[in-house]
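Here is the structure we will look at, set down as structure tokens.
Numbers restart at 1 for each chain; the letters A, B, ... are given by sequence-line order, proteins then strands. Computed from heavy atoms alone, side chains included, the values below leave out hydrogens, waters and symmetry copies.
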There are 2 protein chains.
Amino acid sequence: MIDKYGGRPVVPSRGEERPLGLAEISLTGGFWAAMQTTNAAATLPHCETWLERLGWLANFDRVADGTTGPDRPGLSFSDSEAYKLLEAMCWEYGRTGDPAVDAAVRQLTARIGRAQDPDGYLNTCYGHAHQPPRYHDLEGGHELYCAGHLLQAAVARLRTTGADDLVEVARRAADHVCDTFTTHGLCGHPEIELGLVELGRALGEERYLAQAQRFLDRRGHRTLRDIPFGRAYFQDDMPIRTATAWRGHAVRALYLAAAAVDVAVERADRELLAALERQWEHTVARRTYLTGGMGSRHHDESFGEDWELPPARAYSETCAAVASIMVAWRLYLATGRVRYADLIERTFFNVVATAPRADGRAFFYANPLHQRVAGPAPDEDAVSPRASVGARAPWFHAACCPTNLARTLATWHLYAATAGERTLTLLQYASARITATLGDGRRIGVEVATDYPHDGLVTVRVVAPPPGAVALRLRVPPWAQGAVLEDAGRPQPVAPGFAVVDRELAAGDLIRLRLPMPARFTWPDPRIDAVRGCVAVERGPLVLCAESLDLPAGVSLDDVVVDPAVAPTERDGQVLVRGRLRAADSPGWPYTGDPANHPAGAALTLRLVPYHRWAERGPSAMRVWLPTPP
Amino acid sequence: MIDKYGGRPVVPSRGEERPLGLAEISLTGGFWAAMQTTNAAATLPHCETWLERLGWLANFDRVADGTTGPDRPGLSFSDSEAYKLLEAMCWEYGRTGDPAVDAAVRQLTARIGRAQDPDGYLNTCYGHAHQPPRYHDLEGGHELYCAGHLLQAAVARLRTTGADDLVEVARRAADHVCDTFTTHGLCGHPEIELGLVELGRALGEERYLAQAQRFLDRRGHRTLRDIPFGRAYFQDDMPIRTATAWRGHAVRALYLAAAAVDVAVERADRELLAALERQWEHTVARRTYLTGGMGSRHHDESFGEDWELPPARAYSETCAAVASIMVAWRLYLATGRVRYADLIERTFFNVVATAPRADGRAFFYANPLHQRVAGPAPDEDAVSPRASVGARAPWFHAACCPTNLARTLATWHLYAATAGERTLTLLQYASARITATLGDGRRIGVEVATDYPHDGLVTVRVVAPPPGAVALRLRVPPWAQGAVLEDAGRPQPVAPGFAVVDRELAAGDLIRLRLPMPARFTWPDPRIDAVRGCVAVERGPLVLCAESLDLPAGVSLDDVVVDPAVAPTERDGQVLVRGRLRAADSPGWPYTGDPANHPAGAALTLRLVPYHRWAERGPSAMRVWLPTPP
């Protein structure tokens, strides 16, 4: 682990919980360790290959060489993919210390740095020969958005290896932004705020934090031009302080909210923090998919209205899941409330783990909960439109998701535990080694062993006990009815929330948390119109789904109903539910005066698979929400 | 009536039924007569005012004067709005003979004609100073689309007043198209095919028909460039002959299908006609809203997959309804099958009548069946984005719908009846005067009196009986259970389809059709996921809806369920259903292990209004599909 500087993506200067750094926690195996390995071995090189292949990296060379032309490849925000890849590489180097990754960081940094203008402006799309002028289109130009990602990459470098060229490039870019946008202007895509706050924290630059706050305060006063999607698209319709729910473009809304938590924490602005907690609560209660996914509309990639959660046309963008985790993580650190960690788990297992193909070389951009028709076989050589569904694609015209996944997976373990004054809290379960420093300065070392999420047994072995009593807290997810905490061989029932062991520990002490994981039916709020009359099946933290590949030949997933009176069963590690076929098709006008014209047909047993693995066996129709008989 | 040339929009050279011309039928009062009056008095001038105000008409002047600049107002297809308005004016002049309308036609024609290039090309967006070159973007340029609408306007002029300058302009444009696209090329938006066929029919120009057929045969072979929406967007993914359902952009798909019926009929191509009938059947059974609306997606304005019919995010574009009627009308004329007239009625009453505001000066572009949140009050002075919902808007950036409504409403009466060899068929009910020539040359005159759709009694009085026996057919809609035909005072039950009186008629004979119209519940096919567990209420041909304006203060439409065991009632002309409130809100995660956690609350009576009048009393939430208790 390379953690000269505390290696953490988010380091608030106050809050209920302190995030652990790279030196304090590492995974030793299991579900997420495997994903991190694939991310490092496959996804990072895959992203770099595509960035090179499409000329998005060469854009930096052309600016440096003064050879820009009118035919620049890539969308206006393609620079940001290089920065997110760079950020992912920095965290990955921090995680493993692989010198090849460090070399890649240096090489990419050099290439990017050459493209920086003398005044600190750095963007390959504007302001050079044959290009539109700088900042002529704040609504759609993405210049500050790109700068924000550059700053986040620099934070990763700074917190893993310390100041270097990348950090200098970012500092110049940040200074340029502060100089240019002192009195007015803001970006159509929030992100610069996140970069400024964190770089400010990392460098101790109050000026960057002040600029982030300025951008935040400036938004919501309708100073951006109106667009057909409306100003809510970029959250310029009302100040974030007065909003009641997240709305408009989901990724924009969530990046903004994450930055707003940062500012609220740094400024000890309780009113703003409370507003953000209320917005989170409203959005999670009424605008969030069972998977944790957010954003219902393809049209403008936006949240919809309350209860607007169509499973088949769910957008549930991968980047929105990443952004939702960023928000929830900051809210958790600020407040210590377990509900944020609950949503983080759900989103990790059911969106973040769903998006990449098992080999790490293709990705879902949208994550619908229902695929009506088996999608196409993926074309490994093609760039896909963003709304492409039914098959993971190797790359996209707007390629925000792969690099966002890469940087998130590289830091997954940093979401697994936090420290308090005299507490160590385990939030996400994975086999891991933890040696954390508590708020009171004591150090504690534990090893976690688990086969989670396949199995609900989590064993914590005390390796290095601190002197005196300490509180070890283990999160009990809300679905874990009947959970049992076993301390020194004594089992006790524990309710959802935090199960606490508060005592003096000894080396070798074993603490076991048993989370029952029977497959279970889940019903939606009846106001969610799109899934009325349906049930879903979950097991532990995993949402399950039915794939048409598992149906008898000739049977359509459209014609299957399940019987919610018979609990799901498990056999040979597979979850099964009792189903029935609907009677055959009735062609013609589909609206009739008779509700009972579709009698039930033959019985069948429906095999379910984890949602995050759907479409791995080839094109398939799929459903998370399963209709029940009327 | 001005009907020197048989005044009908569509005149197939063969088919089971012959459309009546302007001289054969006119409305004498009622629902559609009132809409025609408003269309003439308000909508036509409204459209002309906006076209002038936005500079879309001045675009023609600038081309004529050689003063085009880089800043042309309007989208690339804005010329087509002038042509559709011109078409509407021509039909309106034919309907009423109002000399002011004729003068407006002449004036607009002169202005348009001046912009025509010497070789017949006519488009204000391409090929002149500061403009992109002609035909450089067949996928998105809309040049042939615009030309098609010009041709349709000329057909309207030709069939109402005969050849004049407009017809000459169109003829030159059509010749230019035939000369330019002899061997390859087709337009991203089908429409030219419709214009060519009908102008060919009207002028006896076989060459135009041949060109339409060429365009038709050429489409579906993936010669248009691929776009992010995919080639299905403009139906270039597979030949129309081999498709099984309509797909892609709904208006494009339906204009293409209408033209394909025309070509199939002219070429006596039974295979093609049969394919189109199958596509219609599939689309109506699985991809059509209760209102008759088509097109489920905002994102690409497309049909979705089978059973993808979300009510709140329904796109159901007004133009798609117009286009669906065009297809169904041609299929009816070709085959005589009553089902096409059934869908036409449904679409007229529940989409076409819904789109314009009562005053004819604002319009819905999208026609969702569920409005979650009361929309904004309309801004009478603003141009709206197309996806604007919740309030009818005076105009749109892409303003296809208002002028499409205008031309359709001006010709509504021409869909009401047809003639056969020895039959007169009444398809749509309205008070009307009909003097038709049958296929065998005999003439028959009748007067229809009715208060339809408010009342189901239709009285036909024979005014001018033909010599010998004749068949008078009256359409019995599929919803009219218990319909009774009363001929010479003798009632007999009649089933949905055609009720026939076949005898020698005498002047003064009265034939009465009684269509029972109790409000009724309608259930959806259980495969339509988005409305599972809901019922709708219909009365006669009208779909009804609930508006939040009619709820007690503080009650949300989200919290109302209706009891389908209690039939709807009527009181003082209002339809009422028994409802119940759901128990109060439960904030927090909306997916639970308990299906019964939302007990029913207080009873209430829910007042329903015709869907076509929703949002007329001000912003309101609205539902067509009403949830039932689990």
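Of the atoms belonging to A/R297, it is side-chain heavy atoms, and not backbone ones, that fall under 4.5 Å from chain B. There is no contact between A/S296 and chain B, counting heavy-atom distances below 4.5 Å. For B/L343, the part sitting under 4.5 Å from any heavy atom of chain A is the side chain, from C-beta outward, and nothing else. Looking at B/E308, both its backbone and its side chain come within 4.5 Å of chain A, counting heavy atoms on both sides. Proximity to chain A is limited to the backbone of B/A530, based on heavy atoms less than 4.5 angstrom apart. Using a 4.5 Å cut-off between heavy atoms, B/H282 makes no contact with chain A at all. For chain B, no part of A/D342 is nearby; none of its heavy atoms comes within less than 4.5 Å. For chain A, no part of B/R287 is nearby; none of its heavy atoms comes within less than 4.5 Å. Both the backbone and the side chain of B/V284 come within contact range of chain A, each with at least one heavy atom under 4.5 Å from a heavy atom of that chain.
The shortest side-chain heavy-atom distance between A/D594 and B/W523 does not fall under the 4.5 Å cut-off. The shortest distance between side-chain heavy atoms of B/P526 and A/R582 falls below 4.5 Å.
Ion pairing of B/D529 with A/R532 is absent here, as no side-chain N (NZ or NE/NH1/NH2) approaches a carboxylate O to less than 4.0 Å.
A pairwise comparison of heavy atoms in A/T288 and B/W589 identifies CG2-CZ3, 3.9 Å as the closest pair. Of all the heavy atoms in B/D559 and A/R527, the pair that sits closest is OD1-CD, 3.4 Å.
Ring geometry for B/H298 versus A/H299: interplanar angle of 30 to 60°, hence tilted.
Here B/L290 is the residue among B/T522, B/L290, B/T628, B/D306 with the most heavy-atom pairs under 4.5 Å with chain A. Chain A forms the most heavy-atom pairs under 4.5 Å with one residue out of B/V561, B/V535, B/I528, and that residue is B/I528. Put simply, of A/F229, A/Y289, A/F521, the one with the most heavy-atom pairs under 4.5 Å next to chain B is A/Y289. Comparing A/E305, A/H370, A/E281, A/E538 by heavy-atom pairs within less than 4.5 Å of chain B, the highest count is held by A/E305. Among A/G533, A/P310, A/P627, A/A312, the residue with the largest count of heavy-atom pairs under 4.5 Å with chain B is A/P627.
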Test log, rule ring pair (Phe, Tyr, Trp, His ring centres under 6.0 Å), inputs B/Y591 and A/W479: CA-CA 11 Å; B/Y591 309 100; A/W479 48 261; over 10 Å; no
